[in-house]
Amino acid sequence: MKKSNLYNNSQKINVFSDTDILVRKFSLKFKNDSDKVFNENRKYFVALSGGQTPKKLFKYLAENYIDKIHWSNVHFFWGDERCVQLDNSESNYGEADRLLFSKINIPKENIHPVICDGNSETARKKYEEEIKSNLFKKNDKLVFDLIILGVGEDGHTASIFPNQLNFISSTNICEIAHHPQSNQERITLTGPVIMHAKKIVFLVTGESKSEIVCKILRKCVGYDKLPAALIKPESGIVEWYLDREAAKKL
Ligand code: 6PG
């Protein structure tokens with residue numbers, strides 16, 4: 001397995017020769033981090049990304065970590081969710097439930113989906129309340145232990161799109177976003193909540209992301225207008241887990 005670590009000031013970049021190895025390494029890290037929190041008698045609060053990339057991770061965890069993680073101590077939220085019914089094929093919750101939650105022994109109350117029943121503002125408010133009533137605060141800021149993010153080819157992350165950069169600094173916990181092409185309504189965590197997380201991990205795979213990964217990590221012209229490039233941790237570092245295809249232009 002060829003892996004190179006590129007460290008710089010506030011981010012660690014891990015490159016893996018293929019996606020399977022990336023998922024295997026990330027899963028082990030997830031286990032170790034969640035065990036540490038369990039041993040400190042704290043709940044482990046995680047926000048998942050949606051889309052295609054995390055599917056392999058969910059499958060791998062379901063197949064290999066059924067009894068190796070204290071799932072009853074892990075609480076799952078989402079960095080963003082499409083405003084659809086939970087059983088809709090577009091639902092990020094639905095994907096995670098199908099591939100992971102339905103295969104492991106995790107209490108239903110540990111899963112905190114965005115409930116969209118037609119009114120996106122109601123969904124936004126309810127999700128905001130769900131986060132506030134579960135997460136701990138540090139310096140009056142809600143703190144996730146881990147936020148897993150993907151990156152779109154346009155540089156969006158969660159559902160903060162390049163034409164909605166104000167969400168990077170919004171004082172709300174979450175906002176109603178609109179996909180720039182489909183205009184689909186989405187609920188997204190805002191930049192400050194993401195940046196308060198103890199650990200932020202970008203999981204990015206495939207050649208289709210190589211251009212945007214290069215633009216962000218090499219700070220090419222215009223990178224500072226890309227939401228994913230504007231995610232700067234309050235403390236700790238941002239980690240990138242890339243497969244060789246996504247990293248090929250670095
Ligand atoms: C979503 C995501 C979104 C995703 C990126 C990458 O709901 O779609 O949360 O931010 O992470 O668009 O998506 P892929 O993994 O499908 O490339």
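Atoms within a ligand are numbered from 1 in the order they appear, just like the ligands themselves. Quick note: numbers below take in every heavy atom, side chains included, and nothing from hydrogens, waters or symmetry partners. Counting from 1, the numbers follow the sequence of the chain as shown.
Side chain to side chain, Q164 and E175 fail the donor-acceptor criterion of an N or O pair below 3.5 Å. In the model, D243 has a side-chain atom that pairs as donor or acceptor with a side-chain atom of T19 under 3.5 Å.
Between the side chain of T190 and the main chain of I168, no donor-acceptor pair closer than 3.5 Å is present.
Using a 4.5 Å cut-off on side-chain heavy atoms (C-beta onward), L61 and K103 make no contact. Put simply, the side chain of F202 does not reach to within 4.5 Å of the side chain of K209, judged on heavy atoms.
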Please output the side-chain donor-acceptor pairs of residues 227-242 that fall under 3.5 Å, not counting sequence neighbours, one pair per line with the distance.
residue, atom, partner, partner atom, Å
K232, NZ, A229, O, 3.0
E234, OE1, K141, NZ, 3.1
W240, NE1, Q11, OE1, 3.4

Could you tell me, for ligand 1, which of its N or O atoms are under 3.5 Å from any protein N or O, listing the pairs and their distances rounded to 0.1 Å?
residue, atom, partner, partner atom, Å
ligand 1, 7 (O), D80, OD2, 2.9
ligand 1, 7 (O), R82, NE, 2.9
ligand 1, 7 (O), R82, NH2, 3.3
ligand 1, 7 (O), N92, ND2, 3.0
ligand 1, 8 (O), R82, NH2, 2.7
ligand 1, 9 (O), G50, N, 3.1
ligand 1, 9 (O), D80, OD1, 2.5
ligand 1, 9 (O), D80, OD2, 3.1
ligand 1, 10 (O), H156, NE2, 3.4
ligand 1, 10 (O), A158, N, 3.4
ligand 1, 10 (O), A158, O, 2.6
ligand 1, 12 (O), H156, NE2, 2.7
ligand 1, 15 (O), Q52, N, 3.3
ligand 1, 15 (O), T53, N, 2.8
ligand 1, 15 (O), T53, OG1, 2.5
ligand 1, 16 (O), Q52, N, 2.7
ligand 1, 17 (O), K209, NZ, 2.6

